[in-house]
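See structure below.
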Amino acid sequence: MAIHLSKLALLRSFTPIPRLISTATGRYRFSACSIEGAPSSGSSIWSVLGDDANRNHQEFQKWPNGGGMFHKTACIESTALIEIGAVVHSECVIAANVHIGSGTIVGPAVKIGESTKVGYNVSLTNSIIGDACFIHNGVCIGQDGFGFFVDEHGSMRKKPQVDAECKDRESRGGWRDTVIGDHSKIDNLVQIGHNVVIGKSCILCGQVGVAGSVTMGDHVTLGGRVAVRDHVSIVSKVRLAANSAVTKDIKESGDYGGFPAVPIHEWRKQVATLQTLKKRTP
């Protein structure tokens, strides 16, 4: 389920005191102690928001290393840095030496591996982030995929979604996890659809679009603005020229280009032929 956050505000007229409830070495869980003298419902903002909002507010605490907020059920290593303005929601697991930038929202039950750096204004939901990843500013990971179907009554329905395992920016999967392999690099303005599996050491340049349920091998390079249609497979060690479009499975390694994508030497022949015909046309 996607999280819609229209405004982030800290409504605090008192400071809760965290209490340690776990003795695991280097990893802590916190809960809010009862606080005497908290503002009454008739004299504070909670009279407008209600008791549930009051309880939900008190379940978030200030993380001592960086000043960000975290839910009392989150499990966070003491070496993690959560900058002010970042929010870590319930049941999250944050490993050692993780750095979470200001304005980032880490949704419920997200896991972030060791030494991963998350930039500013990032949104993470329904995700498992591996070790030593770098997530740049403004990235969104784990939102619902663009999956719809028409039911027996002719109505448009949203396909059910499952949790995604991911290491970069993408939609969460429907019938399988969306997976980005180790050491892969993804440029700006890249869209990765639901159920996509990308292998190790792949490079996706700016404005690439990968439709749902695509499977890519290892060491695949997609040039700028490459489009890959849904449900196709690309073997390992394939390179696609900029503006190419993959409309069917690529079963042999090598360089490809054009629309539809063909082996690079064939594409060059097509371009040369078109230029020749153009010159002959009066």
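Just so we're clear, the structure is a prediction, and the values are computed from it rather than from any experiment.
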Side chains of Pro108 and Glu91: does their closest heavy-atom pair fall under 4.5 Å? no
Step-by-step side chain to side chain contact (heavy atoms under 4.5 Å, CB included) determination, Ile250 to Leu240: CA-CA 11 Å; Ile250 296 180; Leu240 283 151; 4.2 Å; yes
Backbone of Leu124 reached by a side-chain donor or acceptor of Ser127 within 3.5 Å: no
Val262-Leu222 co-clustered via ILVMFWY side chain contacts under 4.5 Å: no
Side chain to side chain, Ile141 and Ile129, heavy atoms closer than 4.5 Å: yes
With no hydrogens and no angle check, is any side-chain donor or acceptor of Asp187 less than 3.5 Å from a backbone partner on Cys205? no
Can you find a heavy atom in the side chain of Val98 that is under 4.5 Å from one in the side chain of Ile82? no
Do side-chain atoms of Asp230 reach the backbone of Ala211 as a donor and acceptor pair under 3.5 angstrom? no
Would you list the pairs meeting salt bridge (Lys or Arg N to Asp or Glu O under 4.0 Å) in which at least one residue belongs to residues 252-265, sequence neighbours left out? Arg239-Asp255
Do His136 and Tyr120 have ring centroids that are under 6.0 Å from one another? no
Taking ILVMFWY side chains as joined if any heavy atoms are under 4.5 angstrom apart, and letting links pass through other members, which residues group with Phe259? none
Rounded to the nearest 0.5 Å, what's the gap from CD on Gln191 to CD1 on Ile186? Could you check? 10.5 Å
Taking the side chain as every heavy atom from C-beta outward, state whether Ile94 and Ile100 have any atom pair closer than 4.5 Å. yes
Side-chain (Asn65) to main-chain (Ala80) donor-acceptor, under 3.5 angstrom: yes
What's the separation between atom OG in Ser184 and atom CD1 in Ile198, rounded to the nearest 0.5 Å? 6.5 Å
Side-chain contact, heavy-atom cut-off 4.5 Å: Ile192 with Leu204? yes
Ignoring hydrogens and geometry, is there a side-chain-to-backbone donor-acceptor pair from Ser115 to Ala132 under 3.5 Å? no
Check: Val106 main-chain N/O paired with Thr125 side-chain donor or acceptor under 3.5 Å: no
Please find the pair of heavy atoms, one from Val196 and one from Ser213, that lie closest to each other, and give the distance. CG2-N, 3.9 Å
Assess the residue pair Met69 and Lys62 against the criterion (side chain to side chain contact (heavy atoms under 4.5 Å, CB included)); give the C-alpha distance rounded to whole Å, side-chain angles, the decisive distance to 0.1 Å, and a yes or no. CA-CA 5 Å; Met69 303 297 291; Lys62 184 177 181 180; 4.2 Å; yes
Candidate pair Val87 and Phe60, rule side chain to side chain contact (heavy atoms under 4.5 Å, CB included), full reasoning: CA-CA 9 Å; Val87 179; Phe60 284 88; 3.8 Å; yes
So, the side chain of Thr116 versus the backbone of Cys133: is there a donor-acceptor pair under 3.5 Å, distance only? yes
Exam field: side chain Thr73 to backbone Ser90, donor-acceptor pair closer than 3.5 Å: no
Set out, in order, the CA-CA distance, both residues' side-chain angles and the distance that settles side chain to side chain contact (heavy atoms under 4.5 Å, CB included) for His89 and Ile105, then state yes or no. CA-CA 8 Å; His89 283 262; Ile105 305 299; 3.9 Å; yes
For residues Glu114 and Asp131, determine if any side-chain heavy atom of one lies less than 4.5 Å from a side-chain heavy atom of the other. yes
Between the NZ atom in Lys185 and the SG atom in Cys202, the distance rounded to the nearest 0.5 Å is 12.0 Å
When you measure from the side chain of Thr104 to the backbone of Gly119, do you find a donor-acceptor pair of N or O atoms at a distance under 3.5 Å? yes
Is a side-chain donor-acceptor pair under 3.5 Å present for Glu83 with His99? yes
Straight-line distance of Arg229 CZ to Lys248 NZ, nearest 0.5 Å: 11.5 Å
Pair up each side-chain donor or acceptor in residues 266-277 with any protein partner under 3.5 Å, not counting sequence neighbours, and list the distances.
{"from": "Thr273", "atom 1": "OG1", "to": "Lys269", "atom 2": "O", "distance (Å)": "2.8"}
{"from": "Thr276", "atom 1": "OG1", "to": "Ala272", "atom 2": "O", "distance (Å)": "3.0"}

Does the side chain of Lys251 come within less than 4.5 Å of Ile234's, by heavy atoms? no
Which atom of Ala86 lies closest to which atom of Gly101, heavy atoms considered: CB-O, 3.4 Å
State whether the side chain of Asp249 and the backbone N or O of Val232 hold a donor-acceptor pair below 3.5 Å, judged by distance alone. no
If every non-hydrogen atom of Val88 is compared with every non-hydrogen atom of Ala74, which pair is closest and at what distance? CG1-CB, 4.1 Å
Nearest 0.5 angstrom please: Ile76 CD1 to Phe70 CZ, how far? 5.5 Å
Please give me the minimum heavy-atom distance between Gly223 and Val208, naming the atom from each residue. O-CG2, 3.3 Å
Identify whether Ile203 and Met216 are in the same connected component of the hydrophobic contact network (ILVMFWY, side-chain heavy atoms under 4.5 Å). no
Do Tyr256 and Ser244 have side-chain heavy atoms sitting under 4.5 Å apart? no
NE2 (His183) with more than 12 external heavy atoms under 6.0 Å: no
Please check if Val226 and Ile264 belong to a single hydrophobic cluster, counting links between Ile, Leu, Val, Met, Phe, Trp and Tyr side chain heavy atoms closer than 4.5 Å. no
